Student: 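I have a structure here, written as structure tokens, and I will follow up with some questions on it.
Every chain is numbered from 1, with letters handed out A, B, ... down the list of sequences. Keep in mind the model is a prediction, meaning the values are calculated, not measured.
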2 protein chains.
Amino acid sequence: METPDPFDIWLPLARAHKSILATVEAALKQAGLPGLDWYDMLWELERAGNEGLRPYELQQKLLLPQYGVSRLADRLAKAGYLIRQECSGDGRGQILLLTAAGAETRAQMWTVYSEAMQQAVTPHFSPGEARRLAELLAKFLRPSPADKI
Amino acid sequence: METPDPFDIWLPLARAHKSILATVEAALKQAGLPGLDWYDMLWELERAGNEGLRPYELQQKLLLPQYGVSRLADRLAKAGYLIRQECSGDGRGQILLLTAAGAETRAQMWTVYSEAMQQAVTPHFSPGEARRLAELLAKFLRPSPADKI
DNA sequence: CTTATATAGATGCAGCTGCATTTACACGAG
DNA sequence: CTCGTGTAAATGCAGCTGCATCTATATAAG
């Protein structure tokens, strides 16, 4: 059995990623909206609702380094999209809460984001291919079979 | 027929990209070697051989902005991995040539790079799945069917 | 030749990222 | 209570990126 070359996956994957990202970011910029990093944090905060989220929780969800979350939160706060609330029960921590302006902007971004994604991805695949590709890519999400404890 | 959701492709693709990239970059750093951006330019220059490459050619091959190539070339030159040669026939331009040190470093990087890629990708797929995934991802490389001239 | 326009590449500045460190609080051991 | 260790989050610094602009040469028009 021939061992498959991982670069046959990596190279086109990296290109596809770059291409899609460029398309979507360009569409957002064109619309005068913030980039995807802002979107991701706004979205997580919106999903968290009134409970808000601790920075370290965002860190896990967004796969960002600790200082990345800290500074992205700075920018969103400066833009008025979130507020930092003292954390009752842990004096070191804080709770990040989405503001109405943040929710508003996220909603605007979504219309552009989803439309651009549609254009960037859909034309390349038949529905069947798309479904199969999604299935295969999903296999990255779980730990690989080799990651035994 | 249900229209497939492009985010079923995009979200796992983005995660996979981030995960693989992190694995490989960590391995390179661990080995005290430069990052993948350096590798890509070194590799193109090595493929170009004695002819070398013009910066604008690298720009297309690497999908980098003009100033990105200019500055990356600065760093590689400072590290002694390439030299800038005057371009006979176009006084504005220059030719970038790989040095022996550059070729040496690229070779060292390759052993780490390919090994890390193997580890990051292969465990997730059977050979058949890997082949199919590579085929599907390759469909991004050509212009989509909708891009008629 | 002269001038207008286009192309190759560099660069100043502002903003972002990575790294290491720092500050502040939490928590368990003595 | 005090001390040592661990965790949450911020930050100074250096390096990188994007944007706009700039310089220098090429090329086409008159």
Student: By nearest heavy atom, map Ile95(B) and Gly89(A) onto DNA chain C; which one lands nearer the 5' end?
Tutor: Ile95(B)
Student: Let me know the distance between CG of Leu72(A) and P of dC16(C), rounded to the nearest Å.
Tutor: 9 Å
Student: Among the candidates dA10(C), dT11(D), dA8(D), find the nucleotide nearest to the side-chain atoms of Ser70(A).
Tutor: dT11(D)
Student: Answer with yes or no whether the hydrophobic clustering places Leu21(B) together with Ile20(A); edges join I, L, V, M, F, W, Y residues whose side-chain heavy atoms lie under 4.5 Å apart.
Tutor: yes
Student: Could you check Pro65(A) against Arg92(B) and say which one's nearest nucleotide on DNA chain C is further toward the 5' end?
Tutor: Arg92(B)
Student: Should the pair Glu135(A)-Arg132(A) be classified as a salt bridge under the 4.0 Å nitrogen-to-oxygen rule?
Tutor: yes
Student: Given dT17(D), dA8(C), dA26(C), which nucleotide is nearest the side-chain atoms of Arg71(B)?
Tutor: dT17(D)
Student: Looking at Gln94(A) and dA9(D), is any side-chain donor or acceptor paired with a base atom of the opposite kind under 3.5 Å?
Tutor: no
Student: Rounding to an integer number of Å, can you tell me how far Leu62(A) CG sits from dT17(C) P?
Tutor: 12 Å
Student: Separation of Tyr56(B) atom OH from dT25(D) atom P, in whole Å?
Tutor: 18 Å
Student: When you measure from every atom of DNA chain C, which of residues 36-55 of chain B have a heavy atom less than 4.0 Å away?
Tutor: Arg54(B), Pro55(B)
Student: Just how far, in rounded Å, is P of dT11(D) from CZ of Arg75(A)?
Tutor: 13 Å
Student: Indicate yes or no: does Arg131(A) engage Asp8(B) in a salt bridge with an N to O separation below 4.0 Å.
Tutor: no
Student: From the list dA10(D), dG6(D), dC19(D), which nucleotide is the closest neighbour of the side chain of Lys29(A)?
Tutor: dC19(D)
Student: Can you tell me which nucleotide in dT17(D), dT25(D), dA9(D) comes closest to the side chain of Tyr67(B)?
Tutor: dT17(D)
Student: Regarding Trp43(B) and Tyr113(B), is there a side-chain donor-to-acceptor distance under 3.5 Å anywhere?
Tutor: no
Student: Can we call the ring centroids of Trp10(A) and Phe140(A) under 6.0 Å apart?
Tutor: no
Student: Whole Å only: how far is the CD atom of Gln85(B) from the C1' atom of dG9(C)?
Tutor: 17 Å
Student: I need the CD-P distance between Gln66(B) and dC16(D), as an integer number of Å.
Tutor: 17 Å
Student: I'd like to know if Arg54(A) pairs up with Glu57(A) as an ion pair, taking the criterion as any Lys NZ or Arg NE/NH1/NH2 lying under 4.0 Å from an Asp or Glu carboxylate oxygen.
Tutor: no
Student: With sugar-phosphate meaning primed atoms plus P, OP1 and OP2, does Asp74(A) contact a base, only sugar-phosphate, or nothing at under 4.0 Å between heavy atoms?
Tutor: nothing
Student: Atom CD of Glu86(A) and atom P of dA8(D): how far apart are they, to the nearest Å?
Tutor: 18 Å
Student: How are the rings of His17(B) and His17(A) set to each other: parallel, tilted or perpendicular (split at 30° and 60°)?
Tutor: parallel
Student: Given atom CG of Leu64(A) and atom C1' of dC19(C), what is their separation to the nearest angstrom?
Tutor: 16 Å
